[in-house]
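Quick note on labels: first sequence line is chain A, next is B, and so on, each numbered from 1. We use all heavy atoms of the structure for the numbers below, so side chains are in, but hydrogens, waters and symmetry mates are not.
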There are 2 protein chains.
Amino acid sequence: MTRVLVVEDDAAILRGLKDNLEAESYEVLTATDGEVGYQLIRDAAPDLVVLDLMLPKMSGYELCKKVRDEGMTTPIVMLTARGEETDRVLGLDLGADDYVTKPFSVRELLARIRALLRRTNPEPTALDELRFDDVIVDFRRYEASRGNEKIKMTRKEFGTLRLLAERAGLVVTRHDLLKEVWGHGHEPTTRTIDNHVASLRAKIEKDPSHPKRLLTVHGVGYKLDV
Amino acid sequence: MTRVLVVEDDAAILRGLKDNLEAESYEVLTATDGEVGYQLIRDAAPDLVVLDLMLPKMSGYELCKKVRDEGMTTPIVMLTARGEETDRVLGLDLGADDYVTKPFSVRELLARIRALLRRTNPEPTALDELRFDDVIVDFRRYEASRGNEKIKMTRKEFGTLRLLAERAGLVVTRHDLLKEVWGHGHEPTTRTIDNHVASLRAKIEKDPSHPKRLLTVHGVGYKLDV
DNA sequence: TCTTCTGTGACATTTCCATGACAACCTCCG
DNA sequence: CGGAGGTTGTCATGGAAATGTCACAGAAGA
């Protein structure tokens with residue numbers, strides 16, 4: 001799921017943005033000052049940042065500049081107060097990708113966010129069906145079957161299998177799985193993944209102890225060969 | 001029959017795609033250069049185009065851009081060589097709807113074609129009646145019956161059932177239900193939905209505690225299987 | 001006002017998930 | 001070729017989270 005970080009010290013605005021972004025089904029992280037914002041950009045690797053210009057501890061300027069100086073390319077939408085013409089220019093010069101002037105229309109901000117994401121992270125289309133051998137998995141119905149037998153799969157299993165299927169043939173690291181399937185903040189041990197993979201194998205492999213499809217790449221991760 | 005145009009200059013790949021698509025019972029048109037491709041898009045109005053990036057006479061870029069500039073919305077799947085990251089972005093910006101990286105698995109391409117067709121030619125959803133077993137629900141009259149008995153249903157129940165019916169078989173999240181049935185701003189707890197579902201089950205299921213139609217997908221939402 | 005509908009909370013129940021321990025395995029290096 | 005150290009497979013288990021169920025109070029409608 002696409003992850004957006006909002007850095008804004010005004011609680012009311014922050015709340016409003018969070019609600020609206022969540023309603024658009026983004027995963028939303030928040031920070032109310034520049035320092036926490038910076039840490040989150042580094043550690044949580046959001047797909048996009050909405051950044052207020054005036055912030056406690058570290059201003060939007062500084063934050064933006066610092067992030068760019070360190071080579072991070074995370075797209076940034078700057079929020080500026082009306083009339084801060086110079087700020088606009090600065091914002092873009094510092095490496096922000098777009099800006100919106102307060103008071104802004106939420107709809108406009110959302111549109112800009114969408115556009116920016118589309119430009120920078122064209123998201124590979126979600127796969128909604130997987131077939132191999134006599135196994136069929138339908139990710140929109142959350143149904144799976146093998147031959148004539150229905151298979152019961154859990155949400156995490158669907159998520160895991162889906163990511164593997166979207167990168168069929170390529171190795172997916174445990175880290176990637178945690179990031180994509182679990183999302184930020186709810187990150188369990190990597191051992192947990194092994195368990196989910198094991199139970200997936202029990203369900204989709206003919207001989208689960210000698211997998212032919214869902215393969216281990218020792219020291220790296222897993223891959224699905226179809 | 002669904003008509004697919006493949007524009008690809010490599011004869012072997014073209015042949016392979018044609019065979020596979022025909023095996024899936026698509027009607028297949030082919031072109032080996034951009035100009036012929038363009039004419040076919042215009043004159044034969046295919047339902048979907050598979051477009052190679054590198055082509056004689058007119059490249060995939062140009063073709064895609066030209067088609068979009070002229071206002072045609074024909075879904076396009078772009079074939080790109082691996083590693084052409086920038087091309088991906090360009091492809092999508094130019095208006096391609098999806099892309100597949102060479103060397104690609106035919107199976108994956110077929111899956112994406114199916115998905116894209118489904119996304120772009122969705123069946124119209126203005127559903128005004130739902131029937132299954134001995135239950136009949138008329139969404140225009142706000143009436144429902146089971147066998148000869150009338151069923152009293154509330155507005156929210158109609159709304160909930162209708163959304164589920166419009167996406168019959170697919171999982172609908174609580175979030176979707178809140179957004180569609182309750183609308184923006186008036187959003188109650190997700191628990192509320194469980195209650196409405198429960199009362200729907202009491203009305204339309206033969207054995208409400210072992211539902212056969214209105215099913216729970218643990219951790220995701222509900223779906224209606226008809 | 002009275003009735004019906006709706007949202008909420010508490011509780012029971014079901015389902016799922018994270019974790020750790022141990023065994024089996026792989027890889028690299030001696 | 002064999003063994004040490006790290007990695008993965010497997011399984012059991014406690015606990016967390018999601019859902020079913022019910023009762024009630026406030027809101028909306030008749």
K.L.:
Is any side-chain N of the basic residue among Arg114(B) and Glu24(B) closer than 4.0 Å to the acidic one's carboxylate O?
P.N.:
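So Arg114(B) pairs with Glu24(B) through a salt bridge.
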K.L.:
Return the set of residues passing side chain to side chain donor-acceptor pair (under 3.5 Å) with Glu149(A) (not counting sequence neighbours), or none when no residue passes.
P.N.:
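With sequence neighbours excluded, Glu149(A) shows a side chain to side chain donor-acceptor pair (under 3.5 Å) to no residue whatsoever.
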K.L.:
For Glu22(B), give me all partners under salt bridge (charged side-chain N to carboxylate O under 4.0 Å, His left out), at least two apart in sequence or on another chain.
P.N.:
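Listed in chain order: Lys18(B).
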K.L.:
Who pairs with Glu108(B) by side chain to side chain donor-acceptor pair (under 3.5 Å), at least two apart in sequence or on another chain?
P.N.:
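Testing Glu108(B) for side chain to side chain donor-acceptor pair (under 3.5 Å), a comparison that skips the adjacent residues, returns Arg112(B).
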K.L.:
Arg131(A): which residues meet the salt bridge (charged side-chain N to carboxylate O under 4.0 Å, His left out) condition with it, sequence neighbours left out?
P.N.:
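Applying salt bridge (charged side-chain N to carboxylate O under 4.0 Å, His left out) to Arg131(A) gives Glu129(A).
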K.L.:
Once side chain to side chain donor-acceptor pair (under 3.5 Å) is applied, do any residues pair with Arg68(A), and if so which ones, sequence neighbours excluded?
P.N.:
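Here the qualifying residues are Asp97(A).
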K.L.:
Establish, yes or no, whether the cationic atom of Lys223(B) lies under 6.0 Å from the six-membered ring centre of Tyr142(A) and within 45° of the ring axis.
P.N.:
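Lys223(B) over Tyr142(A) ring: no.
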K.L.:
I need the residues from residues 191-202 of chain A with at least one non-hydrogen atom less than 4.0 Å from DNA chain C; give them sorted by number, or say none.
P.N.:
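Contacting residues: Arg191(A), Thr192(A), Asn195(A), His196(A).
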K.L.:
Starting at atom CH2 of Trp182(B), determine the distance to atom P of dT8(C), rounded to an integer number of angstrom.
P.N.:
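Rounding to the nearest Å, CH2 of Trp182(B) and P of dT8(C) are 10 Å apart.
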K.L.:
Between the two ends of the helix from dT1(C)-dA30(D) to dG30(C)-dC1(D), what is the bend in degrees, rounded to 10 degrees, where each end axis spans five pairs?
P.N.:
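Between the first-five-pair axis and the last-five-pair axis there is 40°.
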K.L.:
Under the salt bridge (charged side-chain N to carboxylate O under 4.0 Å, His left out) rule, collect the residues that match up with Asp69(A), sequence neighbours excluded.
P.N.:
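Asp69(A) satisfies salt bridge (charged side-chain N to carboxylate O under 4.0 Å, His left out) with Lys65(A) only.
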K.L.:
For DNA chain C, which residues in residues 136-144 of chain A have a heavy atom at a distance below 4.0 Å?
P.N.:
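Within residues 136-144 of chain A, no residue comes under 4.0 Å of DNA chain C.
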K.L.:
I need a per-nucleotide contact map over nucleotides 24-30 of chain D, read 5' to 3'. Cutoff is protein heavy atoms under 4.0 Å; write B for the base, S for backbone only, - otherwise.
P.N.:
-------
K.L.:
Go through the structure and list residues passing salt bridge (charged side-chain N to carboxylate O under 4.0 Å, His left out) with Arg141(A), not counting sequence neighbours.
P.N.:
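Result, salt bridge (charged side-chain N to carboxylate O under 4.0 Å, His left out) vs Arg141(A): Asp138(A).
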K.L.:
Ignoring the backbone of Tyr222(B), work out which of dC5(C), dG20(D), dT8(C) is nearest its side chain.
P.N.:
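That would be dG20(D).
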K.L.:
Residues two or more places apart in sequence or in another chain: which of them pass side chain to side chain donor-acceptor pair (under 3.5 Å) with Ser59(A)?
P.N.:
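Glu62(A).
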